[in-house]
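In what follows, a single structure is set out as structure tokens and then discussed.
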Amino acid sequence: MFKKHVDVKALQRLSGADKKKLRRTAKERFPQASDADLDAILPPKVVEVTVAKYPNRVLVYGIEGEFPMLFDIDGRGHELFPTVYALWKVPDLLPAFTLKGGEVSRFILGGADLMFPGVSIPPEGLPSFQPGQPWSVKVPGNPAPIAVGATTMSSNEALKAGDSADGRYVPNEGFYEDIVVEDPNYASPSQPADSSEDHVEGMHDSTIEGEEAAVDVSESHTTDHDIHVEAIEDLTAGVSEVKLPEDNATEEPTEEREHQNLSTEEIDSLLDKCLLQALHTSVKDKDLPIPGSTLWSNHILPCRPTGVTLDIKKSSHKKLSKWLQSKSSAGLISSKEDKHKKEVMLLRINRGHPDYMAFKPEKRVQEPVVQHDNVVAEGSSTKQLEVAETYKPSSHVNPIFMAVGADTSKYYSASEASDIVFRYVEKENLVKQTDKAKVVLDVALCDALYKGAIKKGSAYPTEIHKRDLGSTFLNRMQIHHRVARGNEVVIRKGAIRTIQIMTERRQGNKKMTRLSGLECFLMDPDSLASELQKKFACSTTTAELPGKKGQHEVLVQGGVIDDLAKHLVDHYGVPKRFIEVLDKTKR
């Protein structure tokens, strides 16, 4: 089916309902599979499942960013098969026929159908089966299947046919060298990905049907697809060496295996050392709060020793959230779980903690961390976003600024503006002598703080507490906001407006996510819409907001409210406090 290269017609994520439906179909199709077997090929909730549609109506299901796991020949779920890679993970997902030897397997690998004469019948006899049941094909001495297909006759019919010309058995729907997506990483677990002939380029696609003349079928198949017999023989020789993967992870580079020799206690100690190194060298108080995932990837991993790979799963904590919570319980940091983002946030660092004060950070060049991010808008997210509130003197406070020689046309931060009024208090010696925590108001300062704000007939205050002086002074100034991304800087009047993300139901009970307020953060709605279309594999569009000239919203198909908010935080640097989410689909 996939022996020749084919192009994907469409690729999209499955919704929660579609994933449940696919799981039910797989359970019905593979009755002997346990829930654990299905979890191995269709992990629940944790990962996204994608479906690729091909011009021949075949649907290929896979874990996003990983290997294909299932394929549906008719596109309706009636002929659903696991890929050979899925069978390598769960060898007993399907019942299996064992071949008589390499002389047969070489034709199966070439795409030929399996016939009765090529099957090795065990001493206890041929297992019972019915037409249309999915079976896998194995070679002797190895549990890793090399093909998958469906039977075309029952076991009784097969025994009656014997070695006759009517002994059609299993059409080859998927085999070892079948192509779905050309990727050098799709290698067998025991062979290197750069092998020119023995690498897996997808899945195996065989329905076991065919005439007894297996040689003739395979020869015509190889002729059609320009497969040389010599190449098949080389491939057959390597099939017996295919080994099942011990876990779900791909093989790690040799230079990154040093941590495998470390004990759990040594890994815990190394984690603590990297955390303290990061807290001393790269994590600044002004950056807080930050997500635990950002702390791990951008701060902790770069502090690990050269050539060592840190794996939190090999520690005693097993999870990043539990490790950070343990450090919070010890008083080194303060952390809290963000229910919206569903991850632990680092809120505060206790720089007076004994462990922090006793640690001496190393002076060395940090090892860079290579991150593989999703598609990002060019030139936007790569530049750091800076958002800050600024204040401009108004007519009320101008006399105070002029009294201390400050420029009334400049923009000031909150701390700078507060410093101005305290400089005036110090210059005019307005601190109350009997109570140092209070400031006596002279005429100029009283007018700056209260003129026009006090009701007629009410007396003006004569003094103010120092803790209230700064905030009261700021309230009398004109608030602005400054947004900078790279060399682009914009200052606008008023407080900064938040980005609003809202999911609602449209006709046909379909979800639509609306995103607005992007202009305040120097983000182009059209560019973002194009980026989100690729990231979420869905349709997007932009529209001008009614009654708001120059302001646009991005419409995204589907309920992607959580993923979209995370994308804005991680890739565009938008602070979470400036993102508002509303899910109208929840009752």
Side-chain angles (χ1 to χ4, degrees), residues 286-287 377 379-381 383-424 444-455 464 467-502 514-529 542-554 565 568-569 572-582:
K286 65 178 182 179
D287 299 330
S380 297
S381 61
K383 299 177 180 177
Q384 185 177 4
L385 177 70
E386 297 180 1
V387 181
E389 289 185 340
T390 60
Y391 298 84
K392 188 176 183 181
S394 64
S395 58
H396 299 293
V397 299
N398 277 342
I400 304 299
F401 278 81
M402 290 186 290
V404 297
D407 189 352
T408 58
S409 62
K410 285 180 56 179
Y411 294 92
Y412 296 86
S413 65
S415 59
E416 291 172 343
S418 298
D419 184 60
I420 295 293
V421 69
F422 278 102
R423 282 167 54 190
Y424 178 82
L445 186 55
C446 184
D447 288 345
L449 298 179
Y450 297 110
K451 187 177 181 180
I454 301 296
K455 294 183 179 180
I464 186 174
R467 65 169 178 265
D468 300 325
L469 179 59
S471 59
T472 306
F473 189 74
L474 288 175
N475 289 335
R476 301 287 282 180
M477 298 179 67
Q478 297 175 356
I479 185 172
H480 291 67
H481 62 271
R482 178 183 182 275
V483 181
R485 188 188 295 277
N487 296 327
E488 187 177 2
V489 180
V490 175
I491 298 179
R492 298 187 179 97
K493 189 174 182 179
I496 188 169
R497 294 189 296 272
T498 58
I499 291 179
Q500 296 183 339
I501 307 176
M502 179 177 64
R514 309 167 71 101
L515 174 65
S516 60
L518 301 173
E519 292 84 359
C520 291
F521 296 90
L522 307 181
M523 298 165 61
D524 181 46
D526 292 326
S527 299
L528 181 62
T542 59
E544 188 172 14
L545 290 172
K548 297 181 180 180
K549 188 176 181 180
Q551 298 185 29
H552 295 76
E553 66 175 350
V554 177
L568 294 178
V569 173
Y572 285 89
V574 180
K576 289 200 305 181
R577 64 182 182 276
F578 294 126
I579 299 178
E580 291 185 6
V581 295
L582 175 62

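None of the values given here were measured: they were computed from a predicted structure. Along the sequence shown, residues are numbered consecutively beginning with 1.
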Is the CZ atom of Arg497 crowded by more than 12 outside heavy atoms at less than 6.0 Å? no

Working to the nearest 0.5 Å, report the span between OG1 of Thr472 and CG of Leu449. 6.0 Å

Closest heavy-atom pair and its distance - Glu553, Arg514: OE2-NH2, 2.7 Å

Considering all heavy atoms, the nearest Val483-Phe521 contact: CG1-CA, 4.0 Å

Check whether any side-chain heavy atom of Ile420 sits under 4.5 Å from a side-chain heavy atom of Arg423, and report yes or no. yes

Is a side-chain N or O of Gln500 found less than 3.5 angstrom from the main chain of Gly517, in a donor-acceptor match? no

Nearest atoms (heavy-atom pairs only) where Val387 meets Pro575: CG2-CD, 4.5 Å

Check step by step if side chain to side chain contact (heavy atoms under 4.5 Å, CB included) holds for Arg485 and Met523. CA-CA 9 Å; Arg485 188 188 295 277; Met523 298 165 61; 3.7 Å; yes

Residue pair Leu568 / Ile501, side-chain heavy-atom distance below 4.5 Å: yes

Would you give the length of the straight line joining atom CD of Gln551 to atom SG of Cys520, rounded to the nearest 0.5 angstrom? 6.5 Å

So do Leu445 and Val421 actually touch side chain to side chain, heavy atoms under 4.5 Å? yes

Heavy-atom pair of closest approach, residues Leu545 and Ser516: CD1-CB, 4.2 Å

Do the side chain of His396 and the main chain of Met477 share a donor and acceptor less than 3.5 angstrom apart? no

Find the distance between CD1 (Ile479) and CD1 (Ile496) and round it off to the nearest 0.5 Å. 10.0 Å

Check: Thr542/Asp526 side-chain N/O donor and acceptor closer than 3.5 Å: yes

Rounded to the nearest 0.5 Å, the NZ atom of Lys392 sits from the OG atom of Ser409 at a distance of 7.0 Å

Hey, could you give me the OG1/NZ distance between Thr390 and Lys410, rounded to the nearest 0.5 Å? 12.0 Å

Between Arg476 (side chain) and Ala448 (backbone), is there a donor-acceptor pair under 3.5 Å? yes

If you define the side chain from C-beta out and look only at heavy atoms, does anything of Ser394 sit under 4.5 Å from Val397? yes

Taking side chain as C-beta onward, heavy atoms only, is Leu474 less than 4.5 Å from Tyr391? yes

Mark yes or no for whether Ser471, through its side chain, and Asp468, through its backbone, hold a donor-acceptor pair below 3.5 Å. yes

Using the ring pair (Phe, Tyr, Trp, His ring centres under 6.0 Å) criterion, which residues pair with Tyr412? Sequence neighbours excluded. Phe401

Would you say the side chain of Phe578 lies within less than 4.5 Å of the side chain of Ile499, judging by non-hydrogen atoms? no

Rounded to the nearest 0.5 Å, what separates atom CG in Leu469 from atom OH in Tyr424? 11.5 Å

Side-chain contact test, heavy atoms from C-beta onward, threshold under 4.5 Å: evaluate it for Tyr450 versus Ile464 and give yes or no. yes

Tell me, do Val489 and Arg482 make a side-chain contact under 4.5 Å, heavy atoms counted? yes

For Gly470 and Ser418 the tightest heavy-atom approach is CA-OG, 3.9 Å

Over all heavy atoms of both residues, which pair between Gly550 and Glu544 is shortest? Give the atoms and the distance, please. N-OE2, 3.2 Å

